[in-house]
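To keep things clear, I will list the structure first and then write my remarks on it.
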Amino acid sequence: MKKALQHTDRPSDVGKIMESLQDNNTQLDIAITGESGSGKSTFVNALRELSDGDEGAAPTGVTETTSEVTPYPHPKYPTVILWDLPGIGTTKFPADKYLELVGFEKFDFFIIISDSRFRENDVKLAQEIQRMEKKFYFVHSKIDNDLERSQREFKVEKTLSQIRQDCIQGLRGLGIKTLQVFLVSSFQLHQYDFPLLRKALESGLPEVKRDALLLATPSISHEIISKKKEAFKVSETSTDNQFEIETVREEIKEALLKNDKSLAITKIKELLDKERNTPLNIAITGESGSGKSTFVNAFRGMDNREEGAALTGVTETTSEVTPYPHPNYPKVTLWDLPGIGTTKFPADKYLERVGFEKFDFFIIVSADRFRENDVKLAQEIQRMEKKFYFVRSKIDTDLRPERRKRNFSEEETLRKMRENCIQGLRDLGVESPQVFLVSSFELHLYGFSLLHETLDRDLPEHQRHALLRAMPNISLEIIDKKKKTFKRRLYWLSALSAAVAAVPVPGLSIAVDIGVLVGAVTDYVFGFGLDIKSLQRLSASTGVPHADLHAAIVSPLAAVKISKELLLKVLRQIAGAATFMALEEVSRFIPIVGIPLAMVFSFTTTYRLLNFILNQLAEDAQKVFKKALGLNTSV
């Protein structure tokens with residue numbers, strides 16, 4: 001691919017990229033073996049995210065259920081195959097001929113399972129696998145059963161350590177010197193040693209097969225989910241808007257390959273407009289008096305008393321479905337819904353009357369415990385195949401009296417509140433509820449960051465970016481994420497500039513460049529909350545004087561209206577900018593080589609300038625955030 005790019009061989013380049021993408025079809029064959037009754041089949045099902053009774057699951061039982069070498073493709077990634085092998089040491093599969101009979105050569109690695117201590121047959125198998133120069137891993141299964149059988153007064157960590165040491169000592173006694181045993185429960189993969197097992201498997205595989213393993217691994221932790229996100233270079237969402245965006249990207253590539261500059265310019269502008277104008281509709285609902293309106297205002301970075309804010313009060317203030325566009329990103333709309341269970345909006349007709357189909361997801365808010373109406377609403381939303389999230393509001397108010405108690409622990413108090421909410425929801429029929437503890441007046445504290453991480457994970461790519469840009473600066477991490485999102489658009493902005501440079505019309509390229517830059521920089525300023533109104537709101541909500549916040553800012557483009565004149569003035573002060581702009585303008589009229597040179601200068605200039613401005617504004621946003629919260633270190 002590098003060679004094709006260096007020789008500007010565009011058809012070859014595209015072919016190589018497609019070939020690279022097809023590597024996602026790499027086959028991975030995992031052998032699950034051990035003595036009969038050890039829980040091999042249940043482990044196979046767990047890795048495939050299936051329950052033992054599901055259609056297509058490996059059969060399980062108290063007797064030996066695997067009599068043949070049986071492949072079980074992953075339901076989502078069929079090139080990842082888990083092979084449920086018969087128990088070693090049976091009449092049909094004796095230990096001394098086991099590997100030959102199961103066809104060892106097709107497997108990438110072996111997982112040897114035992115539900116108690118590993119025996120002589122397990123060791124013979126491991127030694128033979130090692131002789132064949134293949135990888136193997138010992139897994140002690142059913143660890144949840146072992147813990148249940150332990151005495152009442154015990155420490156989980158200590159008991160697990162004893163079980164692990166017993167397994168290791170037994171294997172050493174049978175002749176295995178260097179080894180690692182992983183303690184696993186097939187019904188609770190997120191606990192115990194499965195994350196360590198996954199890392200060990202990953203380290204023993206080549207890169208392509210590592211990716212196949214990662215994608216097929218159940219999402220048992222935030223780390224796994226984050227790694228999967230990195231593995232997906234292009235979103236695979238099927239929504240109409242995302243499909244349109246991907247279509248435009250393909251059209252741009254095709255136009256560039258055909259050297260159709262005019263079409264490329266049109267399509268790049270179309271792409272930028274589509275990404276900028278992606279609608280996102282968020283429904284905020286719950287019972288009356290739960291703090292929905294205050295949450296709507298906080299999400300929009302607004303004070304309850306500000307003009308345009310959602311009405312708040314001690315009585316029910318929302319009597320109609322009311323849209324509140326974000327002040328900086330009007331395509332992101334928070335809908336303040338009337339309380340569920342009122343006379344006008346009874347629970348059994350609630351979704352129909354509020355017009356559920358227009359919302360991308362629902363946030364169900366409660367000020368204390370979630371009630372039957374909240375659960376009915378969640379179940380109905382789920383039936384309509386939409387996402388919902390539980391938010392326990394007014395956490396700051398609940399903590400206030402608790403702080404007066406002796407031996408107060410904020411972490412322990414929050415844990416109890418969360419568990420109380422979760423248990424209440426389970427009692428009402430919600431199987432695996434996620435509850436986020438939030439203070440609308442202190443979004444940077446408690447669980448709002450976790451809520452954002454969850455939304456970021458669940459939303460398709462284009463809506464994820466829309467949400468992020470509109471998100472208040474509640475942490476340095478959010479600011480950094482915004483910076484990365486803006487940087488993602490730099491390529492297309494620069495490509496637009498380069499395509500325009502190929503059109504030999506005096507003054508056209510620089511006029512378009514400045515227009516592009518003004519739009520991009522304005523987006524940065526609003527996204528980072530460095531516009532005048534956002535700084536005023538931040539000052540009012542934190543009590544930090546506006547002048548102090550402004551003093552933390554370095555960029556001359558923050559807290560001002562961005563105009564072409566101002567931007568040109570700033571650009572001239574950036575090292576090398578004026579030279580590159582002049583070189584682009586002159587080179588366009590050099591015969592033969594002029595246009596390619598102009599395109600290079602234009603792309604490079606636009607990218608460098610926008611990148612410089614973006615970095616500076618991101619640093620200013622971090623300084624303002626720290627000043628507002630009185631911080632000297634990162635949060």
Side-chain angles (χ1 to χ4, degrees), residues 156 188 190-191 220-222 225 282-299 304 312-314 316 334 336-337 339-341 347 361-379 381-382 387-458 471-472 474-475 477-478 541 629 635:
V156 172
Q188 298 168 316
H190 61 286
Q191 295 188 24
I220 58 168
S221 69
H222 286 300
I225 293 164
I282 307 169
I284 313 296
T285 184
E287 293 195 338
S288 60
S290 60
K292 303 188 311 295
S293 300
T294 299
F295 184 80
V296 166
N297 293 335
F299 207 109
N304 285 339
T312 60
V314 292
E316 174 63 15
L334 287 95
D336 192 0
L337 307 191
I340 183 173
F361 60 87
F362 292 75
I363 293 177
I364 305 172
V365 180
S366 176
D368 39 54
R369 64 183 60 195
F370 294 93
R371 296 178 171 82
E372 188 177 359
N373 277 343
D374 299 312
V375 172
K376 284 181 180 176
L377 176 59
Q379 291 168 336
I381 294 169
Q382 194 168 35
K387 294 278 189 180
F388 62 90
Y389 308 89
F390 291 106
V391 164
R392 168 78 152 74
S393 63
K394 304 182 182 181
I395 287 300
D396 50 331
T397 303
D398 293 329
L399 285 176
R400 208 166 290 133
E402 295 294 322
R403 293 184 191 281
R404 300 192 188 100
K405 295 181 179 179
R406 188 176 297 176
N407 299 324
F408 166 75
S409 166
E410 182 176 291
E411 185 178 349
E412 181 65 16
T413 304
L414 291 172
R415 185 188 65 78
K416 287 180 179 177
M417 285 182 183
R418 188 181 296 105
E419 287 184 355
N420 181 255
C421 289
I422 290 172
Q423 190 57 51
L425 286 166
R426 281 178 177 157
D427 292 343
L428 290 167
V430 181
E431 290 186 5
S432 302
Q434 282 192 88
V435 177
F436 303 93
L437 309 184
V438 170
S439 164
S440 293
F441 298 106
E442 298 172 308
L443 287 184
H444 61 286
L445 300 175
Y446 318 121
F448 188 78
S449 294
L450 292 176
L451 173 61
H452 172 260
E453 285 178 16
T454 305
L455 296 176
D456 188 61
R457 183 180 70 230
D458 290 350
M471 183 68 57
I474 57 167
S475 68
E477 182 186 6
I478 289 288
S541 64
L629 296 184
V635 174

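Please read all numbers here as calculations on a predicted model, not as lab measurements.
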Worksheet, complete the sentence: The side-chain hydrogen bond (donor to acceptor under 3.5 Å, both in side chains) partners of Ser439 (sequence neighbours excluded) come to Asp396
Worksheet, complete the sentence: By side-chain hydrogen bond (donor to acceptor under 3.5 Å, both in side chains), Gln382 pairs with (sequence neighbours left out) none
Worksheet item: So, do Ile284 and Phe299 sit near enough that their side-chain heavy atoms are less than 4.5 Å apart?
Response: no
Practice prompt. Report the C-alpha distance between Asn297 and Leu334 in whole Å, list the side-chain angles of each, state the deciding distance to 0.1 Å, and finish with yes or no for side chain to side chain contact (heavy atoms under 4.5 Å, CB included).
Written response: CA-CA 9 Å; Asn297 293 335; Leu334 287 95; over 6 Å; no
Discussion item. Tell me which one of Leu450, Leu443, Ile395 satisfies side chain to side chain contact (heavy atoms under 4.5 Å, CB included) with Val438.
Written reply: Leu443
Discussion item. Side chain to side chain contact (heavy atoms under 4.5 Å, CB included), that's the test. Do Asn420 and Gln423 meet it? Break it down for me.
Written reply: CA-CA 5 Å; Asn420 181 255; Gln423 190 57 51; 5.9 Å; no
Item to complete: Write out all pairs satisfying side-chain hydrogen bond (donor to acceptor under 3.5 Å, both in side chains) with one or both partners inside residues 367-377, taking only residues at least two apart or from two chains.
Response: Asp368-Arg371
Item to complete: Return the set of residues passing side-chain hydrogen bond (donor to acceptor under 3.5 Å, both in side chains) with Gln434 (not counting sequence neighbours), or none when no residue passes.
Response: none
Fill in: Residues forming a salt bridge (Lys or Arg N to Asp or Glu O under 4.0 Å) with Glu442, sequence neighbours excluded
none
Discussion item. Is there a side-chain contact between Glu477 and His452 in this structure, where contact means two heavy atoms from C-beta onward sitting under 4.5 Å apart?
Written reply: no
Fill in: Heavy-atom side-chain proximity of Glu410 to Arg403 below 4.5 angstrom
yes
Practice prompt. Would you please name every residue forming a ring pair (Phe, Tyr, Trp, His ring centres under 6.0 Å) with Phe390, sequence neighbours left out?
Written response: Phe370, Phe388
Discussion item. Strictly below 4.0 Å, N to O, side chains only: are Glu412 and Arg415 in salt-bridge contact?
Written reply: yes
Practice prompt. Could you check Thr285, Val365, Val391, Ile364 and say which one makes a side chain to side chain contact (heavy atoms under 4.5 Å, CB included) with Ser290?
Written response: Val365
